[in-house]
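The structure under discussion appears below in the form of structure tokens.
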There are 2 protein chains.
Amino acid sequence: MNAPAEPRKESVSCPMDFILRMLMGPWTTYILYNLKTHGPQRFGELKRRVSGVSAKMLTERLRTLEGAGLLRRDYEATIPPKVTYSLTKRGHELDDVLGRLAEVGTRWEAEDAAHRSLRAAELKAAE
Amino acid sequence: MNAPAEPRKESVSCPMDFILRMLMGPWTTYILYNLKTHGPQRFGELKRRVSGVSAKMLTERLRTLEGAGLLRRDYEATIPPKVTYSLTKRGHELDDVLGRLAEVGTRWEAEDAAHRSLRAAELKAAE
DNA sequence: TCCTGAAGTTACGAATTGGTACCTACTGGC
DNA sequence: GCCAGTAGGTACCAATTCGTAACTTCAGGA
């Protein structure tokens, strides 16, 4: 096993690394996207919309995002309880960046698809 | 084990998810940052600069980025071999977004730090 | 009386991840 | 003759991650 030299958790360095780790939970972008487009939502609503997510993961992601100040959790101790999540100001600060990222991603996807079909056509023609 | 309902790998959906997964290899941002600030580099140089990365991880990340078209790999079959990595046009398309992301991350970090020291001062005063 | 629903929490376990160590080929230098 | 350096590849191994299933609390409805 050999002790890993230094524990070196939490690299002091890059704020980008921190923020990407934040955004990159398997479900995180879907959660943020849903909160952005459908507004504040209850736990169950989110769970239904972010299809495939387990309660455990959803809870964990929401707690992490709350801890980072990206969203707010409003708990009403009614029976049954009602918990509403909404984006904070900080959460909305990502709208712009995420929008651009999505745009770039979409463009690349389209370019790649065009490239692939071009190649396919070439192959068919060469045959 | 219980078959996981549906295999459902590669969710068709979100191009942002794809791109974030790309960016989020533990070392990816460091690699891109280095290539951006220090220009094209050889494998060994990168490995030395991205401190702590193992050859295995570095190779794997570089291959992934190459596959996504973010960087180019130039192999010269001299002895010893010389392999140079450089950002492609597509790689540079992320400069803007990553810059913003870094800016946001930095600002939040500063805000959080200010908040913490304020809290600490309050506690000390209340004592 | 038992079931349902909300919003989780917990225990367990399988799969993925990333690290370490060792291997390659080849040549130039001591 | 032996070692170093380049650019990895491979096997193995520990730790982390994520999913599933079962449990919780309390009130209202059939």
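These figures come from a predicted structure and were not determined experimentally. Chain A is the first sequence line, chain B the second, and so forth, proteins listed ahead of strands; every chain is numbered from 1.
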Next item on the list: For the pair T28(A) and R61(A), evaluate side chain to side chain donor-acceptor pair (under 3.5 Å) and give the outcome as yes or no after the intermediate values.
Entry: CA-CA 7 Å; T28(A) 315; R61(A) 294 281 92 208; 3.0 Å; yes
Next item on the list: Would you mind reading off the distance between K47(B) atom NZ and dA7(D) atom P, rounded to a whole angstrom?
Entry: 12 Å
Note to self: Under 4.0 Å between a side-chain nitrogen and a carboxylate oxygen: does that hold for R116(B) and D112(B)?
What the structure shows: no
Notebook entry, point to check: What is the distance, rounded to the nearest whole Å, between atom CD of E45(A) and atom C1' of dA6(C)?
Noted result: 12 Å
Check: Atom CD of E76(A) and atom C1' of dA7(C): how far apart are they, to the nearest Å?
Finding: 13 Å
Item checked: Within residues 54-71 of chain A, residues whose heavy atoms come under 4.0 Å of DNA chain D -> S54(A), K56(A), M57(A)
Note to self: Any base atoms under 4.0 Å from R48(B), or only sugar-phosphate, or nothing? Heavy atoms, all strands.
What the structure shows: sugar-phosphate
Notebook entry, point to check: For L46(A) and dG8(C), what is the distance between atoms CG and P respectively, to the nearest whole Å?
Noted result: 10 Å
Check: Could you give the CH2-to-P distance, from W27(B) to dT17(C), as a whole number of Å?
Finding: 16 Å
Check: Among dA7(D), dG19(D), dA6(C), which is the nearest nucleotide to the side chain of V83(B)?
Finding: dA7(D)
Item checked: Residue I79(B), side-chain atoms from C-beta onward, closest of dT27(C), dT6(D), dG8(C) -> dT27(C)
Item checked: Reference residue E45(A); test salt bridge (charged side-chain N to carboxylate O under 4.0 Å, His left out); the match among R48(A), R42(A), R49(A) -> R49(A)
Checklist line | Of P80(B) and P26(A), the one whose closest DNA chain D nucleotide lies more 5' | finding: P80(B)
Item checked: Distance in angstrom units between R21(B) CZ and dT17(D) P, rounded -> 14 Å
